[in-house]
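Below is one structure; the comments refer to it alone.
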Amino acid sequence: MRNNSVSLFAALHLPMLLLFAAAPLAGCDNTHTGTTLNFPGDANRGKTLIAEYGCGNCHLIPKVAGADGNVGPPLLHLANRVFIAGYVRNSPENMSVWLQDPQRILPGNAMPTMGISRKDSHDITAFLYSLE
Ligand code: HEC
């Protein structure tokens, strides 16, 4: 009787487990092309904003003077990155949402929500996506 219920559990749940196990592999195609912004963004203004918000205290950021922080990951090759924070798919929309509220996307991570507006997040995203 006990064995029967175990195999019933396996019969019902194994396909689901396999589905979940396969999903990350299927997603690992590495063919992301993030360079096309789906919204208007001013990369030059974004670069200025990055300096103003002090992102460089925590991140190494190419082309931004003094941005050599080592609290978070270096912001290199972001246009070609597959995931943001190893968690959400990298797209301009997701990057913009991440910048506005990283704590909502990944609660408890070390990047603070800094009160960045939608407009500012778009301009910062435009700059970050210029880092190929
Ligand atoms: C107090 C430190 C801190 C500040 C300030 C900060 N970040 Fe972060 N940031 C982090 C940390 C830590 C992570 C990694 C989060 C994780 O992976 O869980 C991160 C992750 C990121 C990522 C994802 C990187 C990746 O490799 O996937 C981006 C993009 C990013 N930050 C951009 C910015 C920008 C732009 C600013 C300024 C508006 C900023 N950050 C300000 C600490 C910070």
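Note that ligands are numbered from 1 as they come in the structure, with each ligand's atoms numbered from 1 the same way. In what follows, residues are counted from 1 in the order of the sequence shown. Since the structure is predicted, the reported quantities are computational estimates derived from the model, not experimental observations.
Remark: the backbone N or O of A43 is not paired with any side-chain donor or acceptor of D123 at under 3.5 angstrom. Listed for the N109 side chain is a donor-acceptor partner under 3.5 Å among the backbone atoms of L106. Formation of a donor-acceptor pair under 3.5 Å by the K47 side chain with backbone atoms of F127 is not found in this model. Within the 3.5 Å criterion, the main-chain N or O of L76 finds a donor-acceptor partner in the side chain of R81. A distance-only check finds a donor-acceptor pair linking the side chain of Q103 to the backbone of G108 [under 3.5 Å]. Formation of a donor-acceptor pair under 3.5 Å by the H122 side chain with backbone atoms of F39 is not found in this model.
Across every non-hydrogen atom of M114 and Y53, the tightest pair is CE-O, 3.1 Å. Residue P112 comes nearest to P102 through the heavy atom pair O-CG, 3.5 Å, listed as atom of the first residue, atom of the second, then distance. Contact record, F83 with R89: CD2-N, 4.0 Å, taken as the closest heavy-atom pair.
In summary, the atoms of ligand 1 found under 4.0 Å from a heavy atom of I124, numbered by their order in the structure, are 35 (C). Atoms of ligand 1 found under 4.0 Å from any heavy atom of I116 (numbered from 1 in listed order, with element): 38 (C). Ligand 1 places these atoms under 4.0 Å from at least one heavy atom of L106: 18 (O). Residue L75 has at least one heavy-atom neighbour below 4.0 Å for each of these atoms of ligand 1: 24 (C), 28 (C), 29 (C), 30 (C), 32 (C). Within the listing of ligand 1, atoms 23 (C), 27 (O) sit less than 4.0 angstrom from a heavy atom of I84. Below 4.0 Å from some heavy atom of R81 lie the following atoms of ligand 1, by number and element: 25 (C), 26 (O), 27 (O). The ligand atoms of ligand 1 that sit less than 4.0 angstrom from a heavy atom of N109 are 15 (C), 18 (O). Near M95, with a cut-off below 4.0 Å to any heavy atom, the atoms of ligand 1 are 29 (C).
The closest protein non-hydrogen atom to atom 16 (C) of ligand 1 is A85 CB, 3.7 Å. Scanning the protein for heavy atoms near atom 3 (C) of ligand 1, the closest one is C58 SG, 2.7 Å. Nearest non-hydrogen protein atom to atom 8 (Fe) of ligand 1 is H59 NE2, 2.0 Å. In this structure, the protein non-hydrogen atom closest to atom 12 (C) of ligand 1 is A110 CB, 3.5 Å. M111 CE, 3.4 Å is the protein heavy atom nearest to atom 33 (C) of ligand 1.
Residue N57 places every heavy atom at 4.0 Å or more from ligand 1. For W98, the heavy-atom gap to ligand 1 drops under 4.0 angstrom.
In L49, neither the side chain nor the backbone holds a heavy atom less than 4.0 Å from any atom of ligand 1. Looking at P112 against ligand 1, only its side chain comes within 4.0 Å, counting heavy atoms.
Salt-bridge formation is detected for the pair R45/D120: a Lys NZ or Arg NE/NH1/NH2 atom is positioned less than 4.0 Å from an Asp or Glu carboxylate oxygen.
Y129 and N90 form a side-chain donor-acceptor contact under 3.5 Å, judged by distance and modelled atom types alone. No hydrogens or angles considered: a donor-acceptor pair under 3.5 Å links the side chains of S121 and Q100.
Not one N/O/S atom of C55, from backbone or side chain, sits under 2.8 Å from atom 8 (Fe) of ligand 1.
Considering backbone and side-chain atoms alike, P73 places every N or O at 3.5 Å or more from each N or O of ligand 1. Ligand 1 has no nitrogen or oxygen under 3.5 angstrom from a nitrogen or oxygen of Y53.
Heavy-atom proximity to atom 11 (C) of ligand 1, evaluated over G69, G72, A51, is greatest for G72.
V64 and M95 end up in the same hydrophobic cluster when Ile, Leu, Val, Met, Phe, Trp and Tyr side chains are linked at under 4.5 Å.
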